[in-house]
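For reference, the structure is listed below as structure tokens.
Protein chains get the first letters and strands the later ones, always in sequence-line order, with residue 1 at the start of each.
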Amino acid sequence: MSKTPTTSNLAAQFDPSAVEPALYQEWLDADLFVAHPDRSTRAGGDREPFVIVMPPPNVTAVLHMGHGLNNTVQDVVIRWRRMCGDEALWVPGTDHAGIATQNVVEKQIAAEGKTRFDMGRKAFVARTTDFVTETGGTILDQLKAIGSSCDWTRTAYTLSPELSHAVREAFVQLHERGLIYRGHRVIHWCSRCLTSLSDEEAEHSDETGALYHVSYPLTDGQGSITIATTRPETMLADVAVAVHPDDERYKHLIGKTLTLPLANVEIPIIGDAEGVDPAFGTGAVKITPAHDANDFEMGTRHKLPMPVILSPEGSMANGADAGSRVPPELLGIDRFEARERVVQMLKHLNALEKVESHSHAVRHCYRCDTVVEPRLSDQWFVKMKPLAEPALQAVRDRKIRILPERWEAVYINWLEGIRDWNISRQLWWGHRIPVWYCDACGEVTVSRDGIVACPKCGGSVRQDEDVLDTWFSSWLWPFSTLGWPDQHSADLKAFYPTDDLVTAPEILFFWVARMIMGGFAFMGDSPFHTVYLHGTVRDMKHVKMSKSLGNGIDPMDVRAMFGTDALRYTVIAGLGMGADVMLDPTDLEKSFAPGRNFVTKLWNIGRFLLTNVGDESVRPLASIDPSELRRADKWILHRLNQAIGECNAALGPARPRDGVWTEAELRTGLRLSEYTETARRFVWNELADWYLESTKPRLTTSGADRDVARTVLAHCFDSALRLLQPIVPFITETLWRQLPIADDARGDFIARATWPQRDDAIAIDREFELVREAVNAVRQLRADYAVPPGERISAHLVANLASAGADHDREVFTDEREFISRIARCDLDLNGDDSESRGATILLSSGSRLIVPLGGIVDIDKECRKAKMELEKLETQLTALEGRLSNPGFTDRAPQNVVAAERQKQVEWTSRREQLTQKLVSLCGS
RNA sequence: GGGCGAGUAGCUCAGUUGGUUAGAGCGCCUGCCUUACACGCAGGAUGUCGGGGGUUCGAGUCCCUCCUCGCUCACCA
């Protein structure tokens, strides 16, 4: 890399599209993002590892703002740690996304007039594989386009041979430990996706439906029992009616039978204290074991039959054990249509007593929103209770923290009530379940490598048709991507456990909690110490952005319009801890103005600064003798120090010290918007607005002082760029290269330069604050008196001379610029006292006053009004203050420093009151 | 229905263990094209801190209650 600085490269406008692709390629060529296991302290190296595994986007996904936000957050964190000297690794990858991907391909072939069943399993999987191979790289390319500093040599895919190996290993291990079992029970069934779902995949949503009251006649003709149901069509699968054994209305009927209408089946009345709430509805419950999870429990308790009356597609059918319960006219009818017809039929039988409006939660498929049906079937389950225990303990013991804090309670609540995980899916796209059944002897074999003959009888075997839940591969992600189950994997040793997990709260249960359980189950350790749950990208009406709603923003559009840095800056600056990011999809100009404006400002600061600093190398800051530093120099260096400290405080600490978060550090760090604001404030409001302005005269006058100013400028800007690099990597890299700093240790890329260090030797210098006050006061006078910009404040600025021991000769300035320049150069003592002349008085916090006689433009009335208003306000505040100070409750009980501060304030306010009173007398004689 | 969280300037949010006259960004108003930047500069306005009660010398901050939103869990048929 050439280090000959030249300002000629700096165009008037920063053109991101011209810079970004080339810069990113340079980073890749230099292996900037590639991590080395041997450098990790865990492998004998000298760098702390810092690892983030990317939540893998679906392999078919196209980048949206949610990805943009998620990956920018991760990139900011990983770039920060990389500069801090960690061996930083960000593992990228994609998820095969079982149902989602299968749905996409099924839609494609549906357009060709076919179904997957027409194609057959083998052809369908091949087709999907092709599709994924073709399009799967899209989102990863887009992540590169927005600057993500992932280690692409480690790109993983949940359905790759390596990760498939990990999945089989995990399944077999859990089976060996007795934590995987095959269960015959009621699960959630999506009749559109034709698969079972886990509890988490069947989402609740409140709906207003109807509660139908149906009367079932006693078989002996001695009356009837009325039951209530929201799904009358399922009554065809009823096998009993349960009542509370102590219910006076019904207890005498227990043991008798009812005749189930329509099906004409005789069913018993049973007593069950657990499953029946006598206060709800009619106090009698129909029992449908095959189509209701609760009824299944009761059915099991009472050893009842479990007829199935719904086909996989969700239409009425006489399934297992159903005999001919479903009347012929209902066979093949869709469940919702059948509901209507059953209601009509019951009406005809006079069995429908009444219909009430009823609001209740209905579960929907999280992929296609179809109402899911509870349905009895055989599925594989993971026993979760034993796995949940260490995952709970880790959070309770503060080995893992969840930010923002409120999600910890949600996490704990879910784990405490965790239920077994249905992991089999009746899909074709995914990891085939590694279980083989013997046709001859029925032996069930679970195997890592697959078998061709029954190990028991040698008979022919066939593999389980089902595939595993997508999340069964995701929960292994933090270690499967690092080489597990190969215990000799260098990556696994060097980089597990990882550090931060950055994602959205939606997948806290699907993914995060299960990864933690998986980490303990397979690695014996937590996969990370911090879970950072960021908000959602929403539009101005707070609606979540989505392609289907048409309120989305394409990050690639934003990039084309304003550049990647503007995109990144905007989302990070707007991201409060756990807060949502609001953007207006109809007005990208407005939405991304913060980022665009900042990038432009930074570019202009750089352009001006580099032009004025010139091409000649600057001396290192350390070579400047402190006595050479001016007020402004000391001030900006101190501000820089403060900024570094505040950025560090907002971001860190990066990891818990001894593997456990202390109470003090548990909720600190990763406040990205605060970090961003601090860096922005420093470079814009302090470096550019004040320091840069104050050095203008110095930079145009050659000599030693010019070199001091150049050095301080270059140093501060260099530091500012480093602080900003994680957020806006492209523009900072571009500008940083131009800085004429002669320092071989600086390196070629800011992306791997060192993070700025605080220098506590830098003393606080308050004098420049007084300068700023004076300047502000002059500005205010201009505004108050509407002095035209072309016109200097006509009269004089009076201040006292500085030179120690000198007489307090008064110097009169006729030029405001000269005045400001002199105080900035420390030529003036601001601690003098002068109170005579008429005019505007500038009162500095040091207590000294600057008198600004304003010649003819003083508006006496205006001065009077202002003074009166201020005095009025001061009086009330002073009264309150004095009340406080004369209150023994306050003076005795409040902390001494608070009381002292109040007394100090009283002195200042009193003197200010005195001053105002005098002013009023002299100005308007009252 | 259970649990949790939030209501502070027009908008999005900070406000650290109660302690000076409650802040920032954006937006708004006024004046400026001052040769780095109008995607800019300078100045300015704006809050009964959701309502009500309580504890305290002192409450945006702690307690109670009510109202309104949001998140999350849930087999009331």
Just checking [X]: base, sugar-phosphate only, or nothing, at a heavy-atom cut-off of under 4.0 Å?
X      : answer
A:D277 : base
A:A12  : nothing
A:H204 : base
A:G574 : nothing

TODO: Between A:R538 and A:A279, name the one whose nearest nucleotide on RNA chain B is closer to the 5' end.
DONE: A:R538

Task: Position toward the 5' end of RNA chain B (nearest nucleotide), A:G606 or A:P505 - done: A:G606

Task: Under 4.0 angstrom between A:N597 side-chain N/O and B:rG40 OP1 or OP2 - done: yes

- [ ] Considering just the side-chain nitrogens and oxygens of A:R680, establish if one lies under 4.0 Å of OP1 or OP2 belonging to B:rC26.
- [x]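 No, because none of the side-chain N or O atoms of A:R680 sits under 4.0 Å from OP1 or OP2 of B:rC26.
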
Open item on the list: Need the pair for B:rC76. Rule: Watson-Crick or G-U wobble, both distances under 3.5 Å, any strand; none if unpaired.
Closed with: none

Open item on the list: Going by purine N1 to pyrimidine N3 plus the second Watson-Crick contact, or the G-U wobble pair, all under 3.5 Å, which nucleotide sits opposite B:rG70?
Closed with: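 Checking every strand shown, B:rG70 finds its partner in B:rC4, with both distances under 3.5 Å.
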
Open item on the list: So for A:N294 and B:rC75, does any side-chain atom that can act as donor or acceptor lie under 3.5 Å from a complementary atom in the base?
Closed with: yes

TODO: Classify the side chain of A:K601 versus the base of B:rC39 as yes if they form a donor-acceptor pair under 3.5 Å and no if they do not.
DONE: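 Looking at the base of B:rC39, it does not pair with any donor or acceptor on the side chain of A:K601 (distance under 3.5 Å).
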
- [ ] Return the nearest nucleotide to the side chain of A:Q13; candidates are B:rC39, B:rA77, B:rA74.
- [x] B:rC39

Open item on the list: Can you identify which nucleotide, out of B:rA36, B:rU21, B:rG25, has its nearest atom closest to the A:L692 side chain?
Closed with: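 Output: B:rA36.
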
- [ ] Could you measure between the two C1' atoms, the one in B:rC11 and the one in B:rC37, and give it in whole Å?
- [x] 27 Å

Do [X] and [Y] pair up side chain to side chain, a donor and an acceptor below 3.5 Å, judged on atom types alone?
X      : Y      : value
A:H244 : A:D272 : no
A:N685 : A:R680 : yes
A:E233 : A:H291 : no

